[in-house]
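The sequence lines fix the lettering, A, B, ..., with proteins before strands; numbering per chain opens at 1.
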Amino acid sequence: MSQTNTNNDQYYVPHLAKWPIVGSIGMTMTAVGAAIYMNNQFDSPIVMYLGFATLIFMMFGWFGEVIKESESNKYNPQVDASFRMGMIWFIFSEVMFFAGFFGALWYVRNMAVPWLGGEGTGVFTNTELWSGYEGVWPTNGPGNIGGKFELVDPFHLPLINTVLLMASSITLTIAHHALVDGARKKVIGWLIATVVLGATFLFFQVDEYIEAYQHLDLTLKSGIYGSTFFMLTGFHGMHVTLGAIMLTVITIRMMRGHFKPESHFGFEAVAWYWHFVDVVWLGLFIFVYII
Amino acid sequence: MSHAETHSHDHDHDHKPKGFVKRWLMTTNHKDIGTLYLIFSLIMFIFGGALAMIIRLELFQPGLQFVQPDFFNQLTTMHALIMVFGAVMPAFVGFANWMIPIMIGAPDMALPRMNNWSFWILPFAFTMLASTFFMDGGAPAAGWTLYPPLVLQGGHNLAFAVFAIHMLGISSIMGAINVIATIMNMRAPNMGYLKMPLFVWTWLITAFLLIAVMPVFAGAVTMLLTDHYFGTSFFNAAGGGDPVLFQHIFWFFGHPEVYIMILPSFGIISEIIPTFARKPLFGYVSMVYATAGIAFLSFIVWAHHMFSVGMPLGGELFFMYATFLISIPTGVKVFNWVSTMWKGSMTFETPMLFAVAFIILFTIGGFSGLMLAIAPADFQYHDTYFVVAHFHYVLVTGAVFAIIGGVYYWIPKWTGNMYSERLGKIHFWWSVISVNVLFFPQHFLGLAGMPRRIPDYSVQFANWNMWSSIGGFAFGLAQIFFCIIVWRTIKGKGTSKATDRVWEGAKGLEWFIPSPAPHHTFQDGAPVNDEHLAHVSSH
Ligand code: HEM
Ligand SMILES: [Cu+2]
């Protein structure tokens, strides 16, 4: 049977998966926990945290199993190709997730807000409902939702962050080349550099949020500007966090002697993810911060 | 062919894991997971159908008889959400799981553990969604389209509905990734893309649609969530947002979503028709292109659902003409099915009856779609029962008929038993008559101005509503009968053993393995026999 079989000329089909159901339970607990907490049906987020912990437990178990199988040569190149396609299309789904929010930003800036300001067929909306509202971006709407606010200066922290993330993509690429050349020490060094750059990015991002909330009065509630600003940068930040954790994991795996110059899918998957997160940031830097 | 030999000498592999937990909860076997999907889907059909029965009961007569208006709105909303995400989509994933690996000569789905997870998210998500019926404020009641601001005014249900949708999205995306990886990576060595059965092709394209639009839907409902709980202003004009923004994002997902529900049906019909016409599918390659064309166009027509919302004139025109364009590839398909039957030596077993009914009735739905796509005309039809008639023709006599036809077509292969042809024929005629009594009058109601999603109506609509309800009850009952037929087939009651080939004219790998299909089919990635394929044509 393929479970006991270490020669890999057959496509490896695992048997008896125990982690998915753990994942489903974790996911449901997280969702229910969050919902009852948000609804004030229950006054503690404990269920959500437990669910989250279950999910993390599941990931350790599941990925651990896969890593073990991979390190014991159960996967042939065809299995590798399945993993690659899986990762590519997963990243594509993430691209579409962000596309939805970028699309929303585009729509409000070019359609909704100008119409509220009386452009095109919005004349009567403007004169009858929101007279005096000019409809220029940035805005928190004719209702001045969330009160007056100021913008984050794109050429301060965000610019530094852009440089940091771009640099991290480069260090990661250097690490990858080193891995292909079999220079393992070098790989670990450059990976650590990448993680540090990512962590610094996150540090500044948190700093920027604190600044926005405390000094600029820019919050999630600052009308449509605050909504799009924080949702886009927030989801991106979550992805950077996830990416940094994944980078840390592969760094540890490198230290433990995992990955081979000719086959290191786990490494590549994380690298693709990190580059993707980088590209999203470029989009944010241009469309959210600068323009 | 390799399966028969492998099957006999490699005994270990045919051992099904023992015990419920191991066999079903922890399974990585594409056939078992396919079975789980199909059973789950059937349960959801019954649940969603029960809600529809209450709807039709209330609409049997004018006035308010049985339910309160707010509960009525919960019924229409949950009926649609359950049918779309719980019944139709999982049914197709069930078919995909069962058939795709067999059809392309693969040992299993490419990512078997993830396959398990894709399924096992669903029961949890739907339990969460259904639990909202018992909460303060009840279930979501703004329609399956979840338009703000209405949907934001519900009770506690919003967070549950949104998280359930996130989970369904995760499940669908993982399922779609699996389908793509399986088709692109797991085909037997000599199984070229243009030798694949059309069902495999349509699913490949459907999977791309799923990955492209489910995340957008997730984003849209996330915005609802933050608008409701965290004070964002995406859909709040006072904050500079716009409720219409939601409609754009929703339908950017929503229109491809309706094709997600119909493309696999096209695939199933394209398998059934050639078998019973005993002729190869006419225009195989053009079918592939037509499917891809429909998928592409489905991304640029979404605002035909929003003609009356107040779009700029240029938008109305663009979306009107783009929508018309879809009828070209759709027409190609219908033409090809009809040409396949032309001069065929046809027999009309139950799957074929459903397939022929599909072609006729789906086309009726397509025509009413064209009427709705005429922007100025849609100003009158929009949000009336005409729309309800349209989408039930494409979804019930389209998608659901294809599912039922597919079940009759492949259930002998799945279970090793023939269903009872006599009962199948009764089921068909019972369904096809009642479904038309149910939905055809809704065209008249809509044209006469009866609005959708309203529990009461003016007396002029009473007659046709009564007919529609009678048809509805009959159709519902027919599906209970269907469950009995399926049950009897599984148990082998009043049926005969199925042969391997099952259908005289059948081509395709699934018909050259034993019935019931062994737990593991192809194991060594060996080439498949070209003679067994339906499409090896000239190129
Ligand atoms: C020739 C092809 C089609 C055309 C031209 C078409 C056109 C339309 C239009 C214009 C509407 C909006 C009507 C309104 O709200 O005023 C609509 C609604 C709808 N269509 Fe189609 N359609 C086509 C095929 C399909 C197919 C294949 C499906 C699904 C399998 C489908 C499912 C739906 C659904 C579910 C709605 C109603 C959505 C809602 O408002 O709840 N349509 N269609
Ligand atoms: Cu549409």
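When heavy atoms are compared at a cutoff of 4.5 Å, A:Met231 approaches chain B solely by way of its side chain, counted from C-beta outward. Contact of B:Met174 with chain A is not made at all, since no heavy-atom distance falls under 4.5 Å. Neither the backbone nor the side chain of A:Met87 comes within contact range of chain B; no heavy atom of the residue lies under 4.5 Å from a heavy atom of that chain. Interface remark: A:Ala104 contributes backbone and side-chain atoms alike to the contact with chain B (heavy atom separation under 4.5 Å). Residue A:Leu116 touches chain B through its side chain alone, counting heavy-atom pairs closer than 4.5 Å. Residue B:Phe217: no heavy atom, backbone or side chain, is found under 4.5 Å from chain A. Contact annotation for A:Trp19: neither backbone nor side-chain heavy atoms come within less than 4.5 Å of a heavy atom of chain B. Residue contact with chain A, scored on non-hydrogen atoms closer than 4.5 Å, is absent for B:Leu122. Neither the backbone nor the side chain of B:Leu313 comes within contact range of chain A, judged by heavy atoms closer than 4.5 Å. Contact of A:Thr228 with chain B is made through backbone and side chain together, with heavy-atom distances under 4.5 Å. Contact of A:Trp137 with chain B is not made at all, since no heavy-atom distance falls under 4.5 Å. Residue contact with chain B, scored on non-hydrogen atoms closer than 4.5 Å, involves the side chain of A:Glu65 exclusively. Interface residue A:Asn144: only backbone heavy atoms are found under 4.5 Å from chain B. A:Tyr107 touches chain B through its side chain: at least one heavy atom from C-beta onward sits under 4.5 Å away, while N, CA, C and O do not. For B:Phe234, the parts lying under 4.5 angstrom from a heavy atom of chain A are both the backbone and the side chain.
One finds the CH2 atom of A:Trp89 at 14.5 Å from the CG atom of B:Asn178 (value rounded to the nearest 0.5 Å). Atom OG1 of residue B:Thr232 and atom CD1 of residue A:Ile224 lie 7.5 Å apart, to the nearest 0.5 angstrom. Atom CD1 of B:Ile173 is separated from atom CE of A:Met96 by 10.5 Å, given to the nearest 0.5 angstrom. Here the CE atom belonging to B:Met167 is positioned 6.5 Å from the OG atom belonging to A:Ser24, to the nearest 0.5 angstrom. Here the straight-line distance linking atom NZ of A:Lys18 with atom NZ of B:Lys22 works out to 10.5 Å at 0.5 Å rounding.
At a threshold of 4.5 Å between non-hydrogen side-chain atoms, the residues A:Ile25 and B:Phe124 count as touching. Residues A:Glu94 and B:Pro215 are not in side-chain contact: their nearest non-hydrogen atoms beyond the backbone lie 4.5 Å or more apart. B:Phe230 has its side chain out of reach of A:Lys221: every pair of non-hydrogen atoms, C-beta onward, lies at least 4.5 Å apart. Proximity of B:Arg113 to A:Val66: side-chain heavy atoms (C-beta onward) are separated by under 4.5 Å at one or more points. You'll find the side chain of A:Thr28 stays beyond 4.5 Å of the side chain of B:Phe163, heavy atoms only. In this structure, A:Met111 and B:Asp242 have side chains that are not in contact, with every pair of non-hydrogen atoms separated by 4.5 Å or more. For the pair A:Val108 and B:Leu245, the minimum side-chain heavy-atom distance is below 4.5 Å. You'll find the side chain of B:Ile121 reaches within 4.5 Å of the side chain of A:Met27, heavy atoms only.
Residue with the most contacts toward chain B among A:Trp130, A:Phe230, A:Phe90, A:Phe235: A:Trp130 (heavy-atom pairs, distance under 4.5 Å). Chosen from B:Thr226, B:Ile249, B:Val244, the residue pairing most often with chain A at heavy-atom distances under 4.5 Å is B:Thr226. Interface summary for chain B: among A:Ala112, A:Gly117, A:Gly146, A:Gly100, the most heavy-atom pairs under 4.5 angstrom belong to A:Ala112. Between chain A and the residues B:Phe253, B:Phe208, B:Phe246, B:Phe235, the most heavy-atom pairs under 4.5 angstrom are made by B:Phe208. Among the candidates B:Ala220, B:Ser171, B:Gly241, B:Ser131, the residue making the largest number of heavy-atom pairs closer than 4.5 Å to chain A is B:Gly241. The residue among B:Met128, B:Arg23, B:His166, B:Met109 with the most heavy atom pairs within less than 4.5 Å of chain A is B:Met128. If you tally non-hydrogen atom pairs under 4.5 Å between each of B:Ala237, B:Pro17, B:Pro312 and chain A, the highest count goes to B:Ala237. Per-residue heavy-atom pair counts under 4.5 Å with chain B were compared for A:Gly223, A:Pro20, A:Gly143, and the maximum is reached by A:Pro20. When the candidates B:Ala212, B:Ala218, B:Ala164 are compared by the number of heavy-atom contacts under 4.5 Å with chain A, B:Ala212 comes out ahead.
The main-chain N or O of B:Ile211 is never found under 3.5 Å from a side-chain atom of A:Ser93 such that the two would form a donor-acceptor pair. Side chain of B:Asn185 to main chain of A:Ala81: no donor-acceptor pair is present (N/O by atom type, distance under 3.5 Å, no hydrogens or angles).
B:Ala159 and A:Asn39 make their closest contact through CB-ND2, 4.2 Å (heavy atoms, listed as atom of the first residue, atom of the second, distance). Annotation for A:Pro14 and B:Thr28: closest pair O-OG1, 2.5 Å, computed over non-hydrogen atoms. Closest of all the heavy-atom pairs between B:Ala110 and A:Ser82 is CB-OG, 3.4 Å. Residue A:Gly86 comes nearest to B:Ile177 through the heavy atom pair CA-CG2, 3.5 Å, listed as atom of the first residue, atom of the second, then distance. A:Val113 approaches B:Gly240 most closely through the heavy-atom pair CG2-O, 3.5 Å.
Heavy atoms of other residues, nucleotides or ligands lying less than 6.0 angstrom from CZ of A:Phe287 number 12 at most. No more than 12 heavy-atom neighbours from other residues, nucleotides or ligands sit within 6.0 angstrom of CZ on A:Phe63. Around CD of A:Glu134, the count of heavy atoms belonging to other residues, nucleotides or ligands within 6.0 Å does not exceed 12. Other residues, nucleotides and ligands place more than 12 heavy atoms under 6.0 Å from the OH atom of A:Tyr209. Atom CZ of A:Phe60 has 12 or fewer neighbouring heavy atoms from other residues, nucleotides or ligands inside a 6.0 Å radius. Within a 6.0 Å radius of OH in B:Tyr229, more than 12 heavy atoms belonging to other residues, nucleotides or ligands are found.
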Could you give me the CA-CA distance, side-chain angles and deciding distance for A:Ile21 and B:Trp117, then say whether side chain to side chain contact (heavy atoms under 4.5 Å, CB included) is met?
CA-CA 7 Å; A:Ile21 192 73; B:Trp117 203 21; over 6 Å; no
For B:Met186 and A:Gln78, run side chain to side chain contact (heavy atoms under 4.5 Å, CB included): C-alpha distance rounded to whole Å, both residues' side-chain angles, the deciding distance at 0.1 Å, then the answer.
CA-CA 8 Å; B:Met186 304 289 285; A:Gln78 199 187 4; 3.9 Å; yes
Worked check of side chain to side chain contact (heavy atoms under 4.5 Å, CB included) between A:Phe97 and B:Met214
CA-CA 8 Å; A:Phe97 181 78; B:Met214 290 310 288; over 6 Å; no
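If you check the side chains of B:Asp108 and A:Tyr11, you find no donor sitting under 3.5 Å from an acceptor.
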